[in-house]
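Read through the structure below, which is laid out as structure tokens, and then see the notes.
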There are 2 protein chains.
Amino acid sequence: MAMPLAKTFSALADPNRQIIIDLLKRGEQSASAIGRQLDITPPTLSHHLDVLKRADLISGRRQGQQIFYSLNFSTVQEISEKIVKFLKIKK
Amino acid sequence: MAMPLAKTFSALADPNRQIIIDLLKRGEQSASAIGRQLDITPPTLSHHLDVLKRADLISGRRQGQQIFYSLNFSTVQEISEKIVKFLKIKK
DNA sequence: TTATTATTTAGATAGTTATCTAATTATCTA
DNA sequence: TAGATAATTAGATAACTATCTAAATAATAA
């Protein structure tokens with residue numbers, strides 16, 4: 001996917017988006033289910049989901065009226081490794 | 001130090017600051033030495049160094065007219081672990 | 001078809017941030 | 001002390017972002 005690290009860090013820099021990531025670790029959830037745990041309006045939630053999607057951190061699939069969001073596990077894994085590598089001190 | 005993760009991610013989200021981190025992995029450098037590799041004015045550099053300092057990622061020590069900046073290795077290590085933990089999927 | 005629910009898109013706004021120029025502070029040297 | 005160099009602070013500005021309300025789209029149910 002070759003997502004630049006800056007975009008990833010920006011996506012992760014918002015507290016509400018961190019909570020969303022945290023929620024999705026337990027498994028997929030509909031947008032409204034996420035929203036119920038976040039004290040923001042649906043449009044704001046939609047914006048945050050969009051940022052996370054564009055950073056390739058999450059994906060959504062529509063099922064009926066709802067859209068279920070889930071973590072992109074492989075991307076998260078990749079990012080985690082990339083960050084560790086970036087922060088690793090060269091001796 | 002208990003630096004909130006959001007602040008760390010914000011600090012790391014800027015390309016110029018990523019370059020600074022990268023440069024300092026090789027060892028300490030004066031502000032002007034960093035600046036020569038960055039195509040920004042001294043005040044802008046100063047701003048970025050300040051952001052990184054406030055995120056506890058770097059420290060500066062004055063030696064004569066120059067201020068030498070270096071990575072806070074232990075903080076970087078801590079942060080790296082914290083990020084891995086944050087991105088770790090609970091089974 | 002009409003109403004209801006779920007979500008997104010459009011548009012506006014307030015707050016934040018990256019950047020610059022100009023001025024200031026700190027240190028060294030002649 | 002005066003001048004030069006290194007870095008920061010002050011102040012302005014343009015771009016970006018998180019948020020909201022209102023409107024639009026999508027899917028379901030009556």
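Here is the naming used below: chain letters follow the sequence lines, and residue numbers restart at 1 for every chain. Values below: every heavy atom of this structure, side chains too, minus hydrogens, waters and symmetry copies.
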So what does B/Asn16 hit on the nucleic acid, given a heavy-atom distance under 4.0 Å: a base, only sugar-phosphate, or nothing? sugar-phosphate

Between B/Tyr69 and D/dT8, is there a contact of a side-chain N or O with OP1 or OP2 at under 4.0 Å? yes

Please report, rounded to the nearest Å, how far the P atom of D/dT9 is from the NZ atom of B/Lys53. 7 Å

What's the shortest heavy-atom distance between B/Ala31 and B/Leu45, and which atoms? O-CD2, 3.0 Å

A/Phe68 CZ to D/dA27 C1', in whole Å, measures 13 Å

Hey, does the side chain of A/Arg36 reach the backbone of A/Leu38 with a donor-acceptor pair shorter than 3.5 angstrom? no

Does D/dT19 have OP1 or OP2 sitting under 4.0 Å from an N or O in the side chain of A/Thr44? no

Tell me the partner of C/dA30, counting only Watson-Crick (N1-N3 plus N6-O4 or O6-N4) or G-U wobble (N1-O2 and O6-N3) with both under 3.5 Å; none if nothing fits. D/dT1

Within the sub-3.5 Å range, which N or O atoms of nucleotides 22-30 of chain C have a protein N or O partner, and how far apart are they?
| residue | atom | partner | partner atom | Å |
| --- | --- | --- | --- | --- |
| C/dT27 | O2 | B/Gln65 | NE2 | 3.1 |

Under the 3.5 angstrom rule, does the side chain of A/Lys88 hit a backbone N or O of B/Ser80 as a donor-acceptor pair? no

Both B/Ala33 and A/Pro42 contact DNA chain D. Taking the nearest nucleotide for each, which residue is further toward the 5' end? B/Ala33

What's the CD-P distance between B/Gln29 and D/dA7, to the nearest Å? 11 Å

Does D/dA7 have OP1 or OP2 under 4.0 Å away from a side-chain N or O of B/Ser32? yes

Side-chain donor/acceptor of A/Ser46 to backbone N/O of A/Pro42, under 3.5 Å: no

Return the minimal non-hydrogen interatomic distance between B/Ile34 and B/Ile20, and the atom names on each side. CG2-CG1, 3.9 Å

Can you check the A/Ile40 CD1 to C/dA6 P distance for me, whole Å? 16 Å

Whole-Å distance separating the NE2 atom of B/His47 from the C1' atom of D/dA7: 16 Å

B/Gln66 has its side chain closest, among D/dA18, D/dA7, C/dT7, to D/dA7

Any donor-acceptor pair under 3.5 Å from B/Arg62 side chain to B/Gly64 backbone: yes

A/Asp14 has a side chain; which of D/dA18, C/dT7, D/dA7 sits nearest to it? D/dA18

Interatomic distance, B/Leu38 CG vs D/dA6 C1' [rounded to whole Å]: 16 Å

Are any of A/Thr41's side-chain N or O atoms less than 4.0 Å away from OP1 or OP2 of D/dC20? yes

Please report, rounded to the nearest Å, how far the P atom of C/dT8 is from the CG atom of A/Leu49. 6 Å

Rounded to whole angstrom units, what separation is found between the CG atom of B/Asp39 and the C1' atom of C/dA18? 14 Å

Between A/His48 and D/dT19, is there a contact of a side-chain N or O with OP1 or OP2 at under 4.0 Å? yes

So, the side chain of B/Lys25 versus the backbone of B/Leu71: is there a donor-acceptor pair under 3.5 Å, distance only? no

So, B/Gln29 side chain and B/Leu24 main chain: donor-acceptor pair closer than 3.5 Å or not? no

